[in-house]
Amino acid sequence: MQENEKKTDLRILKTRNSIINAFITLRAKKNLDKITVKELADLAMINKATFYLHYKDIYDLSDTLENDALEQIIKAMPDPELMFSNPEQGTKDLFQAFAAQGQLCNILFSGDRFDIFVRKIDHSIKEYIYQKYPEKRNDLQTNILLSIINYGGFHAYENNKKENAAEAILAISKASAALSKLIH
């Protein structure tokens with residue numbers, strides 16, 4: 001019985017990987033709203049019914065992959081709490097974790113999805129900090145500081161990464177520290 005479960009689990013894993021790989025291939029070439037389940041299923045060499053066993057629709061698949069990428073970014077940060085206690089180091093850690101995910105995030109969050117990424121990362125960082133510091137949840141200054149760092153930082157990074165990504169990260173980190181001093 002256990003051997004059959006392992007085979008089933010392996011088939012499910014292979015199918016999901018095939019769906020994900022096909023989606024990333026298509027997403028690298030097209031906007032999300034232009035990808036159909038039929039073309040994804042054809043590329044993944046599955047039928048549409050199999051796709052629907054795993055995901056509700058293309059947007060559900062995209063959201064799942066986006067959330068997984070965000071989770072990996074947060075996990076890659078040595079201590080996300082530094083975004084609050086040491087904004088310069090925390091911001092540097094965040095952008096280095098993001099840069100490490102580079103190509104996948106560039107595909108998943110391309111076009112109009114970039115603003116969704118920034119909103120999701122802002123929410124994720126804040127939730128992490130609020131778990132450690134619940135009293136900061138309603139602190140307007142903390143919320144504003146984190147939003148400025150996240151929204152402003154990611155837009156600044158996106159606009160300047162081609163010139164020199166490492167230098168852009170350092171500049172954004174220093175700006176985060178300066179903003180933190182101004183607010184606090």
Inset, instruction - Decide yes or no on side chain to side chain contact (heavy atoms under 4.5 Å, CB included) for Lys161 and Asn106, but give the supporting numbers first. - result: CA-CA 12 Å; Lys161 69 183 180 183; Asn106 286 337; 3.2 Å; yes
Determine yes or no for a side-chain-to-main-chain donor-acceptor pair under 3.5 angstrom, with [X] supplying the side chain and [Y] the backbone.
X	Y	answer
Arg16	Ile19	no
Thr25	Asn21	yes
Asn67	Asp63	yes
Arg119	Tyr151	no
Asp122	Val118	no
Thr91	Glu88	no

With side chains defined as the heavy atoms from C-beta onward, is the minimum distance between [X] and [Y] less than 4.5 Å?
X	Y	result
Phe117	Ile73	yes
Leu145	Met83	no
Leu26	Lys34	no
Phe95	Ser173	no
Pro87	Leu179	no
Ile58	Phe51	yes
Phe154	Leu94	yes
Gln89	Pro78	no

For [X], does the [atom1] atom have more than 12 heavy-atom neighbours from other residues, nucleotides or ligands under 6.0 Å away?
X	atom1	answer
Glu135	CD	yes
His123	NE2	no
Glu167	CD	no

Cluster overlap [X] with [Y], hydrophobic side-chain contacts below 4.5 Å:
X	Y	answer
Phe23	Leu53	no
Met77	Leu82	no
Leu170	Ile148	no
Ile116	Leu61	no

Nearest atoms (heavy-atom pairs only) where [X] meets [Y]:
X	Y	answer
Arg27	Leu108	NH2-O, 3.6 Å
Asn143	Lys136	ND2-O, 3.8 Å
Asn47	Ala41	C-CB, 4.0 Å
Ile172	Gly153	CD1-O, 3.4 Å
Ala97	Ala76	CB-CB, 3.8 Å
Lys56	Asp60	N-OD2, 2.9 Å

Legend entry - Arg137 and Thr142: CA distance, side-chain angles, deciding distance, side-chain hydrogen bond (donor to acceptor under 3.5 Å, both in side chains) verdict: CA-CA 8 Å; Arg137 183 174 295 277; Thr142 299; over 6 Å; no
Nearest 0.5 angstrom please: [X] [atom1] to [Y] [atom2], how far?
X	Y	atom1	atom2	value
Leu32	Ile35	CG	CD1	5.5 Å
Leu13	Ile20	CG	CD1	8.5 Å
Ser124	Leu70	OG	CG	5.0 Å
Phe98	Gln72	CZ	CD	14.5 Å

Legend entry - Under-4.0 Å salt bridge between Asp33 and Arg113: no
Legend entry - Ion pair check, Lys132 and Glu127, cut-off under 4.0 Å: no
Legend entry - Aromatic ring proximity Tyr128/Tyr133, centre distance under 6.0 Å: no
Legend entry - Lys75/Glu71 under salt bridge (charged side-chain N to carboxylate O under 4.0 Å, His left out): CA gap, chis, key distance, verdict: CA-CA 6 Å; Lys75 281 183 181 178; Glu71 188 176 310; 3.2 Å; yes
Inset, instruction - Carefully, step by step, assess Asp93 and Asp79 under the rule side chain to side chain contact (heavy atoms under 4.5 Å, CB included). - result: CA-CA 8 Å; Asp93 292 346; Asp79 186 2; 5.8 Å; no
Inset, instruction - Take Ser147 and Lys126 through the side chain to side chain contact (heavy atoms under 4.5 Å, CB included) test and state the conclusion after the steps. - result: CA-CA 9 Å; Ser147 290; Lys126 286 178 178 177; 2.6 Å; yes
Inset, instruction - Check the side chains of Lys120 and Asn150 for a donor-acceptor pair under 3.5 angstrom, ignoring hydrogens and angles. - result: no
Legend entry - CA sep, side-chain torsions, deciding dist, call: Val37, Tyr52, side chain to side chain contact (heavy atoms under 4.5 Å, CB included): CA-CA 9 Å; Val37 172; Tyr52 288 114; 3.4 Å; yes
